[in-house]
Undergrad: 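Got a structure for you, written out below as structure tokens; questions coming shortly.
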Amino acid sequence: MTPYDATPSQARSPLIDGFGRTVTYLRVSVTDRCDLRCVYCMAEHMSFLPKAEVLTLEELDRIASAFIALGVNKLRLTGGEPLVRKGLMGLVESLSRRLKSGALNELTLMTNGTRLAEFAAPLAAAGVRRVNVSLDTLKPELFRTLTRGGDLAKVLAGLDAAQAVGLQVKLNAVALKDDNAAELPELIRWAHARSCDVTLIETMPLGEIEADRTDQYLSLAAVRRELESFWTLTDIPLTTGGPARYVEVAETGGRLGFITPLSHNFCEACNRVRLTCTGTLHTCLGQEDASDLRAVIRSGASDEDLIAAIRLAVDGKPKGHDFRIERAAQPAVRRHMSTTGG
Ligand code: SAM
Ligand code: SF4
């Protein structure tokens, strides 16, 4: 039993921000490290955080548990690459207790898939039902280029393993004008044929990288127009409280999501906050707002103090983000996606 199993009832009123939005979804980045170096995500030579700055698995569990006590019912582990974090399964197993108790509706993971072949079975055994796998291309050479050295075969083996143990797999693909734009219909068709939903993502101006991101920016409105020239796309009212809008593709029978942070405003219904692996809480992906929960817990704070710090941070959740493509050559936010978590 953790302290939160016995949290007093006043701590259990929901987390509501200053604009009346209820926060029910937490993304937790468990590491800033990764075995790949995707060109739009990381610089080729990244300097990673010293270990002492990264929360221990127990600290991550403590903060996540406080959010669950406050009504967060969906939790996604991300990174960096979550499956490179040593001991991750211990955290997954600990959090899965909240699935069993009913406090948590869903525990998911976002991964590049390179280690999924090894982890699919233990994840499923711990109660994970769904994983998001990032995959931008089915061409081994292009995959190697985009990830700076990755092996596509490992990801495909990971997908097979995940589906073999009954995990639902959703694919995320970043739409890149020069690299994979022409391949997207084939990627979508392939994914739908193996019962995977696909979500397309526009590149976001997060963190300094070598390339000028406006070069690779591809509007998903343009992608949708192109797809509609040969497919029938029907809007479906599926909403996750996030920036994705979904359609059904009549010809493939699968679902396709569009995440358009630059060209579409999705902030009114935002239900999510993000915890970095250093314990910084970001209540908006596109703003510099930050609350240091690591300082709170490492100062010996009580659970009530931690809950108060979380409430204060959520109360200040910004109304909306400030991404604009004309400014996207410069990062709108200095931290990388791998720091904040996708
Ligand atoms: N390593 C895991 C993975 O790749 O799925 C989880 C973390 S990764 C940062 C989460 C998602 O963010 C991936 O789907 C990745 O493609 C996406 N991403 C990273 N940098 C991005 C950027 N600058 N713009 C848009 N999406 C980005
Ligand atoms: Fe690693 Fe994911 Fe970033 Fe690619 S997108 S470098 S896999 S964290």
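Nothing fancy with the numbering, it's 1 onward along the sequence. As the structure is a computational prediction, the values presented were derived from the model and not from experiment. Numbering of ligands and ligand atoms starts at 1, following listing order.
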Undergrad: Quick check on contacts: which atoms of ligand 1 are under 4.0 angstrom from a heavy atom of Thr78?
TA: 6 (C), 7 (C)
Undergrad: Does the distance from a Lys or Arg side-chain N to an Asp or Glu carboxylate O, for Glu141 and Arg144, drop under 4.0 Å?
TA: yes
Undergrad: Run down the list Ser29, Ala175, Ala173, Gly79 and name the one with the heavy atom closest to atom 8 (S) of ligand 1.
TA: Gly79
Undergrad: Does an N or O from Thr203, backbone or side chain, lie closer than 3.5 Å to an N or O of ligand 1?
TA: no
Undergrad: May I ask you to check whether Asn132 has an N/O atom sitting below 3.5 Å from an N/O atom of ligand 1?
TA: no
Undergrad: Looking at Lys317 and Asp17, is there a salt bridge between them, counting it only when a charged N and a carboxylate O are closer than 4.0 Å?
TA: no
Undergrad: Closest heavy-atom contact between Leu138 and Leu156?
TA: CD2-CD2, 4.4 Å
Undergrad: Would Cys38 count as a contact residue for ligand 1, given that I'm defining contact as a non-hydrogen atom of the residue lying under 4.0 Å from a ligand atom?
TA: no
Undergrad: Report, in ascending order of atom number, the atoms of ligand 1 lying under 4.0 Å from any heavy atom of Val174.
TA: 16 (O), 26 (N)
Undergrad: Which of the atoms of ligand 1 are close to Gly80, meaning less than 4.0 Å from one of its heavy atoms?
TA: 1 (N), 2 (C), 6 (C), 7 (C)
Undergrad: Salt bridge or not between Arg194 and Asp160? Use side-chain N to carboxylate O under 4.0 Å.
TA: yes
Undergrad: Would you call Asp35 and Arg148 a salt bridge, taking side-chain N to carboxylate O under 4.0 Å as the test?
TA: no
Undergrad: Quick check for you: to the nearest 0.5 Å, what is the distance between Thr56 atom OG1 and Leu91 atom CG?
TA: 9.5 Å
Undergrad: Any ion pair linking Glu106 and Lys74 (charged N to carboxylate O, less than 4.0 Å)?
TA: yes
Undergrad: Taking 4.0 angstrom as the limit and counting only heavy atoms of Glu81, give me the atoms of ligand 1 inside it, by number and element.
TA: 1 (N), 2 (C)
Undergrad: Quick one: CG on Leu135 to NZ on Lys170, what's the gap to the nearest 0.5 Å?
TA: 14.5 Å
Undergrad: Given Cys41, Ser134, Cys34, which has its nearest heavy atom closest to atom 4 (O) of ligand 1?
TA: Ser134
Undergrad: Report yes or no: does Glu202 have a heavy atom closer than 4.0 Å to ligand 1?
TA: yes
Undergrad: Quick one: do the Arg294 and Thr280 side chains pair a donor with an acceptor below 3.5 Å?
TA: no
Undergrad: At the 4.0 Å heavy-atom cut-off, does Gly80 count as touching ligand 2?
TA: yes
Undergrad: Is atom 1 (Fe) of ligand 2 less than 2.8 Å from an N/O/S atom of Cys34, whether that atom is in the backbone or a side chain?
TA: yes
Undergrad: With heavy atoms of Thr111 as the reference, note each atom of ligand 1 found under 4.0 Å away.
TA: 2 (C), 3 (C), 5 (O)
